[in-house]
Student: 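The structure is given below, and queries will be raised subsequently.
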Amino acid sequence: MRHIHVMTALILMAISAMTPFYAYAAPRQNDDIRFPDKGSLRTAQKDSIEVEGIPRSYLFYRPPGGGPFPVVILLHGGTQSGRKVWKQTSLPVLAQSERFILIAPDAADGGHWNDGRHKVVSGKPSTADDIKFLERLITVAVNRYAANPNQVFMIGASNGGLMTENFACHKAHLLAGGGYVVAALPVLQQAQCHPDKAVPWIAVNGTEDKFFNFNGGPQNGGGSRGKSDDPIMLSAAESFEFWADNARCDSRVVETRLPNLHKRDNSTVRLDSRGDCFANTTSSFYVIDHGGHMWPGLSSPIAEMIIGRSNMDIDSGTVIWNHFKQMVR
């Protein structure tokens with residue numbers, strides 16, 4: 001069993017190392033559709049702040065002008081970094097055209113966020129006070145970069161998605177909107193999570209995610225890849241339901257099948273929406289049929305062999321910003 005877990009860790013590190021390659025892979029798309037480009041580090045500036053005596057680094061983009069601006073905080077997945085997630089989504093490009101601040105911070109311990117699970121696939125769990133770090137980062141965004149304190153949004157992938165949930169559980173009053181890609185809510189955290197504000201939510205989940213089973217259960221899907229102390233996760237639908245309920249959405253779910261723009265990806269998308277949420281907003285659940293543990297819209301044939309299929313019918317950055325944009329008035 002031990003050698004299997006070692007192999008899993010090596011696979012994750014290999015994926016992390018491949019990121020510069022697959023982040024720039026050409027999207028498979030029709031001639032009549034074009035997604036925004038993925039981010040380039042040429043648009044990113046680097047800065048840091050000190051939290052509990054430890055320097056914490058981050059990348060950021062700030063539009064020209066006086067502000068105030070909306071701000072999106074983008075949290076990378078486990079073993080990765082702000083540099084890598086910057087190149088995995090179109091949010092850096094959209095930040096320029098839509099005029100919002102984008103901040104991609106770095107986790108402190110081995111690229112892992114302290115998301116409350118006290119469990120990681122490889123290496124040691126982080127003990128950093130990431131809630132304090134992200135709270136401080138929001139203050140810096142407001143005071144240093146002219147961010148609008150009423151338009152702060154947070155989105156994360158995988159470990160970064162669980163960190164977004166952990167932050168929302170403790171500091172929801174600082175967020176206007178939140179969400180995750182390829183993540184879920186741990187059962188224990190659900191019992192302990194009491195957000196102090198309604199936060200309109202976006203969730204993106206693949207039905208064939210090998211790390212967070214779409215139907216819930218032990219993290220990593222149990223079986224040979226799991227461990228006896230793996231956290232038990234809610235299903236993707238139950239996780240979204242928790243956050244949509246917190247956002248005070250109407251209980252009615254509206255299902256929409258999105259166009260199958262790229263038939264060669266062998267994947268389609270269903271959007272489950274719940275309206276009449278807090279502040280007349282909508283919460284959105286994107287179900288990626290046959291999707292793996294991947295950002296939709298990011299093409300990587302090599303990574304897909306390891307962590308599952310990538311859907312090319314939607315662009316993650318676009319659907320995330322469109323969700324947040326409804327709170328920008």
Side-chain angles (χ1 to χ4, degrees), residues 11-13 15-20 22-23 38-39 58-59 72-92 94-95 102-107 110-117 120-122 126 130 134 153-168 177-186 201-214 219-220 233 236 239-240 243 269 284-288 291-300 303-304 306-312 314-321 323-324:
I11 288 170
L12 288 176
M13 288 188 287
I15 293 168
S16 179
M18 286 191 296
T19 301
Y22 73 72
K38 301 299 182 285
Y58 59 92
L59 298 182
V72 176
I73 298 174
L74 173 63
L75 303 186
H76 62 76
T79 75
Q80 296 198 336
S81 65
R83 288 174 59 89
K84 286 177 176 163
V85 77
W86 196 273
K87 298 183 288 185
Q88 290 172 346
T89 86
S90 61
L91 285 170
L94 294 171
L102 181 65
I103 301 178
D106 294 315
H112 296 295
W113 298 103
N114 185 2
D115 61 24
R117 288 175 299 167
V120 294
V121 174
S122 63
S126 173
D130 285 325
L134 295 173
F153 308 101
M154 188 176 292
I155 187 77
S158 193
N159 175 213
L162 277 94
M163 187 65 230
T164 300
E165 293 183 289
N166 196 27
F167 187 83
Y180 53 71
V181 177
V182 294
L185 184 65
W201 205 258
I202 180 171
V204 182
N205 290 96
T207 63
E208 296 180 6
D209 191 323
K210 298 177 182 178
F211 294 92
F212 296 107
N213 191 308
F214 188 81
Q219 178 185 316
N220 300 322
M233 313 299 291
S239 300
F240 172 71
W243 290 109
V269 182
S284 301
F285 178 29
Y286 287 86
V287 178
I288 313 300
H293 197 71
M294 291 279 287
W295 287 94
L298 180 63
S299 176
S300 172
E304 286 182 35
I306 303 170
I307 56 178
R309 185 176 290 125
S310 178
N311 175 275
M312 300 303 295
I314 62 172
D315 172 63
S316 299
T318 299
V319 299
I320 289 166
W321 174 243
H323 169 73
F324 292 153

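Worth knowing before you read on, the calculation uses all heavy atoms, side chains too, and leaves out hydrogens, waters and symmetry mates.
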Student: Of all the heavy-atom pairs spanning Leu162 and Ala183, show the shortest one and how long it is.
Tutor: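 Shortest heavy-atom contact: CD1-CB, 3.7 Å.
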Student: Using 30° and 60° as the class boundaries, would you call the ring planes of Trp113 and His76 parallel, tilted or perpendicular?
Tutor: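 If you compare the ring of Trp113 with that of His76, the planes turn out tilted.
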Student: Is any side-chain heavy atom of Pro296 less than 4.5 Å from a side-chain heavy atom of Val204?
Tutor: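 Yes; the side chains approach each other to less than 4.5 Å.
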Student: To the nearest 0.5 angstrom, please state how far the CZ atom of Arg117 sits from the CG atom of Asn159.
Tutor: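 Between atom CZ of Arg117 and atom CG of Asn159 there are 5.5 Å.
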Student: To check you understand the geometry: which heavy-atom pair defines the closest contact between Thr164 and Gly179, and what is its length?
Tutor: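 Minimum heavy-atom separation between Thr164 and Gly179: CG2-O, 3.4 Å.
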Student: Does any non-hydrogen side-chain atom of Lys38 lie less than 4.5 Å from one of Asp315?
Tutor: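 When only atoms from C-beta onward are counted, Lys38 and Asp315 do touch, with a gap below 4.5 Å.
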Student: Can you check whether Val182 reaches Phe211 side chain to side chain, under 4.5 Å on heavy atoms?
Tutor: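 The answer is no; the side chains never approach within 4.5 Å.
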Student: Work out which heavy atom in Ile202 is nearest to a heavy atom in Ile320; give both atom names and the distance.
Tutor: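 Answer, listing the atom of Ile202 first, then Ile320: CD1-CA, 3.9 Å.
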Student: Do you know the tightest heavy-atom contact between His112 and Ala107?
Tutor: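 Minimum heavy-atom separation between His112 and Ala107: O-CB, 3.3 Å.
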Student: So, do Ile314 and Ile288 sit near enough that their side-chain heavy atoms are less than 4.5 Å apart?
Tutor: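 Ile314 reaches Ile288 side chain to side chain.
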Student: Look up atom CG in Leu91 and atom OG1 in Thr318, then write down how far apart they are to the nearest 0.5 Å.
Tutor: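 One finds 8.0 Å between CG of Leu91 and OG1 of Thr318.
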Student: Are the side chain of Asn213 and the backbone N or O of Gln219 linked by a donor-acceptor pair below 3.5 Å?
Tutor: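 No; judged by distance alone, with no hydrogens or angles, the pair does not exist.
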Student: Does Leu298 offer a backbone N or O that forms a donor-acceptor pair with the side chain of Ser310 under 3.5 Å?
Tutor: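 Confirmed, Ser310 side chain pairs with Leu298 backbone.
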Student: Hey, could you give me the CD/CE distance between Glu208 and Met294, rounded to the nearest 0.5 Å?
Tutor: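 Answer rounded to 0.5 Å: 13.5 Å.
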Student: Which distance, rounded to the nearest 0.5 Å, do you find between the OH of Tyr58 and the CG of Leu74?
Tutor: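 So the gap between those two atoms works out to 15.0 Å.
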Student: Would a 4.5 Å heavy-atom cut-off, applied to side chains only, mark Tyr180 and Leu75 as touching?
Tutor: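 Side chain of Tyr180 against side chain of Leu75, heavy atoms only: no contact under 4.5 Å found.
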Student: Grab the two heavy atoms, one from Ser158 and one from Phe212, that are nearest each other, plus how far apart they are.
Tutor: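 Between these two residues, the closest heavy atoms are OG-CE1, 3.8 Å.
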Student: In chain order, what residues pass the side chain to side chain donor-acceptor pair (under 3.5 Å) check against Ser239, with sequence neighbours excluded?
Tutor: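 If we apply the side chain to side chain donor-acceptor pair (under 3.5 Å) test to Ser239, skipping adjacent residues, there are no hits.
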Student: From the options Trp243, Phe240, Trp201, select the one residue that forms a side-chain contact (heavy atoms from CB on, under 4.5 Å) with Phe285.
Tutor: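 Among Trp243, Phe240, Trp201, the one meeting side-chain contact (heavy atoms from CB on, under 4.5 Å) with Phe285 is Phe240.
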Student: Under the salt bridge (charged side-chain N to carboxylate O under 4.0 Å, His left out) rule, collect the residues that match up with Arg83, sequence neighbours excluded.
Tutor: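 Partners of Arg83 under the salt bridge (charged side-chain N to carboxylate O under 4.0 Å, His left out) test: none.
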Student: Would you give the length of the straight line joining atom CG of Leu102 to atom CD1 of Ile155, rounded to the nearest 0.5 angstrom?
Tutor: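 Leu102 atom CG to Ile155 atom CD1 measures 11.5 Å (nearest 0.5 Å).
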Student: With sequence neighbours excluded, what pairs up with Thr207 under the side chain to side chain donor-acceptor pair (under 3.5 Å) test?
Tutor: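 Counting only residues at least two positions away or on another chain, Thr207 forms no side chain to side chain donor-acceptor pair (under 3.5 Å).
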Student: Calculate, to the nearest 0.5 Å, the distance between atoms OG and CG belonging to Ser126 and Asp115 respectively.
Tutor: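 Rounded to the nearest 0.5 Å, the OG-CG separation comes out at 9.0 Å.
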Student: How far apart are the closest heavy atoms of His323 and Gly178, and which atoms are they?
Tutor: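 Taking every non-hydrogen atom into account, NE2-O, 4.0 Å.
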